[in-house]
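Here the structure comes first, spelled out in structure tokens, and everything after it is commentary.
Residue indices begin at 1 and follow the sequence shown.
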Amino acid sequence: TLGGSVAAAAAGIDPYRSALAVYLDKVGDPEEIDNAAIRWGNRLEAVIADAFGEETGWDVIEPAGMLRHPAHTFMVANIDRWLTDPGAGGPSAILEVKSTGQHMADRWEGGPPDRVLVQVQHQLAVCGLDRAFVAVLIGGSDFRTFEVARDDDLIDMLIGAEREFWSRVENREPPAPDASESAPAALRRLYADMDAELEVDLPPEAQALLDALRATKRQAAECKDDDRRLSNALKALLGDA
């Protein structure tokens with residue numbers, strides 16, 4: 001099944017986690033992810049949720065368990081909190097709770113990052129509600145909240161992307177590696193039995209990939225040189241100022 005936390009990766013738009021890494025998790029080679037940021041995020045979840053309730057007046061309710069999409073059964077959601085209007089009979093919205101470091105503050109200017117928005121839309125698709133809120137604590141003191149309306153066009157595209165990804169899992173067809181930070185590690189997991197003595201005849205398109213890679217590396221080196229040259233020219237104009 002696919003939960004909201006991997007929806008952006010499955011759709012190929014998560015800059016940190018690749019679709020290939022999620023694929024390997026789903027076919028039985030789970031990646032162990034345990035770091036201080038995750039542990040502290042889990043500890044702070046209740047604190048941030050309570051703060052949201054105090055500041056907004058919503059009733060904040062801890063969910064009982066996992067939800068599954070009624071039609072697309074590969075889609076599931078673990079909601080952080082339900083939100084209800086005081087006195088209402090049932091949930092009116094969902095709350096997604098996040099915590100992050102101060103160095104990520106610019107990613108939250110103007111709203112949640114795309115991967116969080118995709119996660120929320122996935123959850124709205126599963127639970128059938130029309131709106132959600134995101135509460136984030138940045139750097140331990142910068143508390144921000146955002147309202148996210150249901151976007152059915154985005155949900156339709158997301159369901160299509162997730163259905164295609166899940167078909168790959170069922171048919172054991174790994175997705176192509178992408179530019180995410182986790183893709184190199186995922187490739188090492190996929191080809192953990194690498195044989196240094198093994199030779200293989202590459203298809204003709206490999207030459208085009210190699211040529212493009214060499215051109216990209218040249219451009220990156222030129223950009224680095226331009227960066228130094230322009231920076232030094234400005235410093236020279238500043239002089240002692």
Side-chain angles (χ1 to χ4, degrees), residues 1-39 41-42 45 63-80 94 96-98 100 112-128 154-206 208-210 212-213:
T1 58
L2 293 175
S5 62
V6 299
I13 58 172
D14 190 327
Y16 306 109
R17 197 163 189 218
S18 70
L20 182 57
V22 177
Y23 167 87
L24 292 172
D25 288 346
K26 300 305 177 181
V27 298
D29 182 20
E31 181 181 19
E32 296 294 333
I33 303 177
D34 181 29
N35 56 47
I38 292 175
R39 291 193 298 272
N42 292 334
E45 180 179 301
M66 185 180 71
L67 303 174
R68 187 182 299 271
H69 195 289
H72 308 289
T73 55
F74 57 87
M75 296 175 65
V76 298
N78 288 298
I79 306 299
D80 285 343
I94 61 175
E96 179 62 28
V97 175
K98 298 294 183 186
T100 190
D114 287 346
R115 60 189 177 85
V116 177
L117 291 175
V118 167
Q119 178 181 3
V120 169
Q121 293 296 337
H122 171 104
Q123 294 169 337
L124 289 173
V126 171
C127 70
L154 176 56
I155 285 175
D156 287 343
M157 290 187 290
L158 184 58
I159 289 174
E162 291 190 41
R163 183 189 297 115
E164 180 182 350
F165 176 86
W166 194 248
S167 177
R168 287 184 172 276
V169 172
E170 292 178 324
N171 297 318
R172 296 302 191 265
E173 297 175 357
D178 53 27
S180 63
E181 293 180 358
S182 74
L187 285 169
R188 288 193 295 271
R189 290 165 59 202
L190 182 61
Y191 302 113
D193 297 327
M194 183 184 67
D195 183 354
E197 302 300 324
L198 181 65
E199 295 185 359
V200 62
D201 291 327
L202 294 175
E205 57 264 28
L209 289 172
L210 182 59
L213 177 61

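Annotation: side chain of Asp25 is in contact with side chain of Arg189 (closest heavy-atom distance under 4.5 Å). Trp166 places a side-chain heavy atom less than 4.5 Å from the side chain of Lys26. Looking at heavy atoms from C-beta onward, Tyr16 lies in side-chain contact with Arg115 at the 4.5 angstrom threshold. Taking 4.5 Å as the limit, some side-chain heavy atom of Cys127 sits within range of a side-chain heavy atom of Ile94.
Scanning all heavy atoms of the two residues, the minimum distance from Ala125 to His69 falls at O-CD2, 3.3 Å. When all heavy atoms of Gly65 and Asn78 are compared, the pair lying nearest together is C-OD1, 4.5 Å.
Here Ile159 contributes atom CD1 and His122 contributes atom NE2; the two are 9.5 Å apart, rounded to the nearest 0.5 Å. The CG atom of Leu154 lies 9.5 Å from the CG atom of Asp114; values are rounded to the nearest 0.5 Å. Note that CD of Gln119 and CG of Leu124 are 11.0 Å apart. Values are rounded to the nearest 0.5 Å. Atoms CE and CD, from Met75 and Gln123 in turn, are 10.0 Å apart once rounded to the nearest 0.5 Å. Atom OG of Ser182 sits about 7.5 Å away from atom CG of Asp14, to the nearest 0.5 Å. Rounding to the nearest 0.5 Å gives a distance of 12.0 Å between CG of Leu24 and CZ of Arg188.
Among residues two or more places apart in sequence or in another chain, the side-chain contact (heavy atoms from CB on, under 4.5 Å) test is passed with Val6 by Leu2, Arg17, Val22. Residues satisfying the side-chain contact (heavy atoms from CB on, under 4.5 Å) criterion with Asn171, sequence neighbours excluded, are Ser167, Glu173.
When each of Val169, Val76, Thr73 is paired with Thr1, the side chain to side chain contact (heavy atoms under 4.5 Å, CB included) condition holds for Val76 and for no other.
Below 30°, between 30° and 60°, or above 60°: for Tyr23 and Phe165 the angle between ring planes is above 60°, a perpendicular geometry.
The main-chain N or O of Val126 is never found under 3.5 Å from a side-chain atom of His72 such that the two would form a donor-acceptor pair. Listed for the Ser18 side chain is no donor-acceptor partner under 3.5 Å among the backbone atoms of Asp178.
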